[in-house]
Enquirer: 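My questions will all concern the structure given below.
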Amino acid sequence: MLDTENKVVGPGWQERVYGVVRRVQSGSVTTYGDVASVLGSPRVARHVGWALAALPEDSDVPWHRVINAKGTISFRGDTPRGMLQRALLEAEGVLFDERSRVDLKRLRWRYELS
DNA sequence: GGCTTGACGCTTA
DNA sequence: GTAAGCGCCAAGC
């Protein structure tokens, strides 16, 4: 039940992102575009990252399970948060290849499958 | 009120 | 397969 006038973006946009990311299962990953699509607009993929960027570390949102469409960590690998994301994913069983990419075809998570 | 920034995606070369 | 360009919209200043 989606109203055509129900704009995806707007006040409380970040909370919607968090709500979707929270449903990502452990050991699975999703992309910014997927989260944005669930919210109704694949175009707002950037805002997903933006919302996660403003996310506190003590949050219960598994932000580390959100990566870009290429299957790589958008952040630079030498940044503390980038390494943290990879470490957290590996702790959940998500392995990275030589190019720091994950197997999206196998680990990609879909909102409607929850 | 307007301009700039930004954890990206898609299309084209 | 990789590289570069355009688009898209909220938040911050």
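Hydrogens, waters and symmetry mates are skipped; everything else that's a heavy atom, side chains included, is used. Letters A, B, ... are given to chains in the order of the sequence lines, protein chains preceding strands, and every chain is numbered from 1.
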Enquirer: Quick one: which of dA7(B), dG6(B), dG9(B) gets closest to the side chain of W50(A)?
Expert: dG6(B)
Enquirer: Quick one: L39(A) CG to dA10(C) P, roughly how many Å, whole number?
Expert: 13 Å
Enquirer: If only atom types and distance count, is the side chain of Y18(A) paired as donor or acceptor with the main-chain N or O of D60(A) below 3.5 Å?
Expert: no
Enquirer: Tell me: CH2 of W63(A) to P of dC8(B), nearest whole Å?
Expert: 13 Å
Enquirer: How long is the line joining NZ of K70(A) and P of dC10(B), in whole Å?
Expert: 10 Å
Enquirer: To the nearest Å, how far apart are R16(A) CZ and dA10(C) C1'?
Expert: 13 Å
Enquirer: Hey, is the main chain of V66(A) close enough, under 3.5 Å, to the side chain of Q85(A) for a donor-acceptor pair?
Expert: yes
Enquirer: Tabulate atom names and distances for all N/O pairs under 3.5 angstrom spanning the protein and nucleotides 2-6 of chain C.
Expert:
from, atom 1, to, atom 2, distance (Å)
dT2(C), OP1, R99(A), NH1, 3.4

Enquirer: Can R81(A) and E57(A) be counted as an ion pair, charged N to O under 4.0 angstrom?
Expert: yes
Enquirer: Just verifying a value: how many Å separate W13(A) CH2 and L39(A) CG, rounded to the nearest 0.5 Å?
Expert: 4.5 Å
Enquirer: Where the side chain of R46(A) is defined as all heavy atoms beyond and including C-beta, which of dA7(B), dC8(C), dC10(B) is the nearest nucleotide?
Expert: dC8(C)
Enquirer: Nearest 0.5 Å, what's the OH-CZ distance between Y111(A) and R23(A)?
Expert: 3.5 Å
Enquirer: Drop me the distance from R108(A)'s CZ to D34(A)'s CG, to the nearest 0.5 angstrom.
Expert: 4.0 Å
Enquirer: Expressed in angstrom and rounded to an integer, what is the separation of H47(A) atom NE2 from dG6(B) atom C1'?
Expert: 9 Å
Enquirer: Grab the CD1-C1' distance between I67(A) and dA7(B) for me, whole Å please.
Expert: 12 Å
Enquirer: Measuring from I67(A):CD1 to F96(A):CZ, what's the distance to the nearest 0.5 Å?
Expert: 6.5 Å
Enquirer: When the distance from CZ of R108(A) to C1' of dG9(B) is rounded to whole Å, what number comes out?
Expert: 11 Å
Enquirer: Touch check for A53(A), heavy atoms < 4.0 angstrom, all strands: base, sugar-phosphate only, or nothing?
Expert: base
Enquirer: Report the distance from atom CD of Q14(A) to atom P of dG6(B), rounded to the nearest whole Å.
Expert: 16 Å
